Amino acid sequence: MQDLMELKNVTKIYSQGLMSQESTVALNNFSLKMNEEKPTIMTVAGESGSGKTTLAMLLLGFIKPTEGQIFYKGKDIHNLKGQEKLTFRREVQAVFQDPFAVFNPFYTVDHLLTVPIKKFKLAKSKIETQDKINEALTAVGLHPQDILGRFPHQLSGGQRQRINIARALLLRPKILIADEPVSMVDASLRANILETLSSLQKDYGVSIVYITHDLTTAYHIAKSIVVLYRGTVMEAGGVDEVIIKPQHPYTQLLIDSIPWPDINRRWGKTDIKVEDMEIGEFKAGCKFYSRCPRSMDICKDLPPFYQIEPKQAASCFLFDQNLQIAPENMTDLLPH
Ligand code: ADP
Ligand code: MG
């Protein structure tokens, strides 16, 4: 069966300028498969700088991979033309961190929502346009009469982010990329907005890639999780496996540092900070080598993925007795 979307061994390297030798491997040999028949919510989790936004930009086709390929319905997204390109643009939507970003202060909400309908010719009449807008606003938990006619400054952050989700929903997307969608929203509203995303997956069959630095929300909303560290997948699997029984020493460190009873606290407030880390002498090996409490000599080589449970794999030599999985097949074992 053909995948809706597939990232195959995608690497993104940013060079810092023409003359500079400096470059950042923002994402390293990343593979992902998304199935159309089984829409799901998958979390991509990682601290700041782990490559999450780079992944979002790649999925949306905003940037090109340095190596590897990205397919939508079996075709390389950077070779799409005409109608196929338009379909891809419509079916893969995004909600970003900043709920203000897409609002022009001089236009009302109505304008923001009408533009995509016109652009993609989704309605034949004014009445149909209005019906679609009302339906999308209602689907994200807003009352159209409270929202329409308003300017951005007359709305709360939570309302703005819901409108962003409604805007994406209008286009009947198959995939929604949500990059830290609630991190700038009041803590008290977060759970509620995430619930809304969750119901879109169920009611509209949208697959959601939920990108976050917050493992507690990941556990609540997603079925599966991929843990990134400095551009590399450390561990992946079902949330019940990875979050409840983390196996990779890096994931264990992250989970242990979460004050679980307080779901509004963020992780990474302990001593784990990407900026503090040494780049490490062993660029070719495990990215976590220099900080890993269980590092071994062999970790100077790049660890492959090993399957630990039916729905869990980690890139760590501690599991070298286990079955190896090719990176491009790793997401096959994520639960839907
Ligand atoms: P995250 O969203 O997880 O914080 P990013 O994808 O934004 O991570 O960044 C991953 C790495 O790539 C970081 O080291 C960041 O500094 C670097 N990076 C991101 N965008 C660019 C860019 N346009 N040019 C150069 N480096 C970048
Ligand atoms: Mg980011």
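Note that ligands are numbered from 1 as they come in the structure, with each ligand's atoms numbered from 1 the same way. Quick caveat, the model's predicted, so the values are computed rather than measured. Residues take their numbers from the sequence shown, with the count starting at 1.
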Enquirer: For atom 23 (N) of ligand 1, which protein heavy atom lies nearest, and how many Å away is it?
Expert: Tyr14 CE2, 3.6 Å
Enquirer: Do Phe305 and Val227 share a hydrophobic cluster (ILVMFWY, side-chain heavy atoms under 4.5 Å, transitive)?
Expert: no
Enquirer: Are the side chains of Leu7 and Phe71 in contact, using a 4.5 Å heavy-atom criterion?
Expert: no
Enquirer: Between Ile41 and Lys223, is there a side-chain heavy-atom distance shorter than 4.5 Å?
Expert: no
Enquirer: Can you tell me the protein heavy atom closest to atom 6 (O) of ligand 1 and the distance?
Expert: Thr54 OG1, 2.6 Å
Enquirer: Scan the protein's non-hydrogen atoms and note whether one is under 4.0 Å from atom 15 (C) of ligand 1.
Expert: no
Enquirer: Can you label the angle between the Phe288 ring and the His248 ring as parallel, tilted or perpendicular, going by 30° and 60°?
Expert: tilted
Enquirer: Residues in ring pair (Phe, Tyr, Trp, His ring centres under 6.0 Å) with Tyr14, at least two apart?
Expert: none
Enquirer: Pull up every protein N/O/S atom sitting under 2.8 Å from the Mg ion (ligand 2), skipping waters.
Expert: Thr53 OG1
Enquirer: Strictly inside 4.0 angstrom of atom 20 (N) of ligand 1, do you find any protein heavy atom?
Expert: yes
Enquirer: With a heavy-atom distance limit of 4.0 Å, tell me whether Thr24 approaches ligand 1 through its side chain, its backbone, both, or neither.
Expert: side chain
Enquirer: Check Asp179 with Lys52, please: is the shortest side-chain N to carboxylate O separation under 4.0 Å?
Expert: no
Enquirer: Who's the nearest protein heavy-atom neighbour of atom 8 (O) of ligand 1, and how far?
Expert: Gly51 N, 3.2 Å
Enquirer: Could you list the atoms of ligand 1 found under 4.0 angstrom from a heavy atom of Glu47?
Expert: 3 (O)
Enquirer: Do Val10 and Val226 share a hydrophobic cluster (ILVMFWY, side-chain heavy atoms under 4.5 Å, transitive)?
Expert: yes
Enquirer: Report the nearest protein non-hydrogen atom to atom 7 (O) of ligand 1: residue, atom name, distance rounded to 0.1 Å.
Expert: Thr53 CB, 3.8 Å
Enquirer: Do Leu58 and Met5 belong together in a cluster built from hydrophobic side chains that touch within less than 4.5 Å?
Expert: yes
Enquirer: Does the side chain of Val209 reach to within under 4.5 Å of the side chain of Val44, using non-hydrogen atoms?
Expert: yes
Enquirer: For atom 13 (C) of ligand 1, find the nearest protein heavy atom and state the residue, atom name and distance (0.1 Å precision).
Expert: Gly49 O, 3.9 Å
Enquirer: When clusters are formed by joining ILVMFWY residues with side-chain heavy atoms under 4.5 Å apart, either directly or through shared neighbours, do Leu302 and Tyr229 land in the same one?
Expert: no
Enquirer: Does any non-hydrogen side-chain atom of Gln247 lie less than 4.5 Å from one of Gln312?
Expert: yes
Enquirer: Looking at ligand 1, does any of its N/O atoms fall within less than 3.5 Å of an N/O of Ala26?
Expert: no
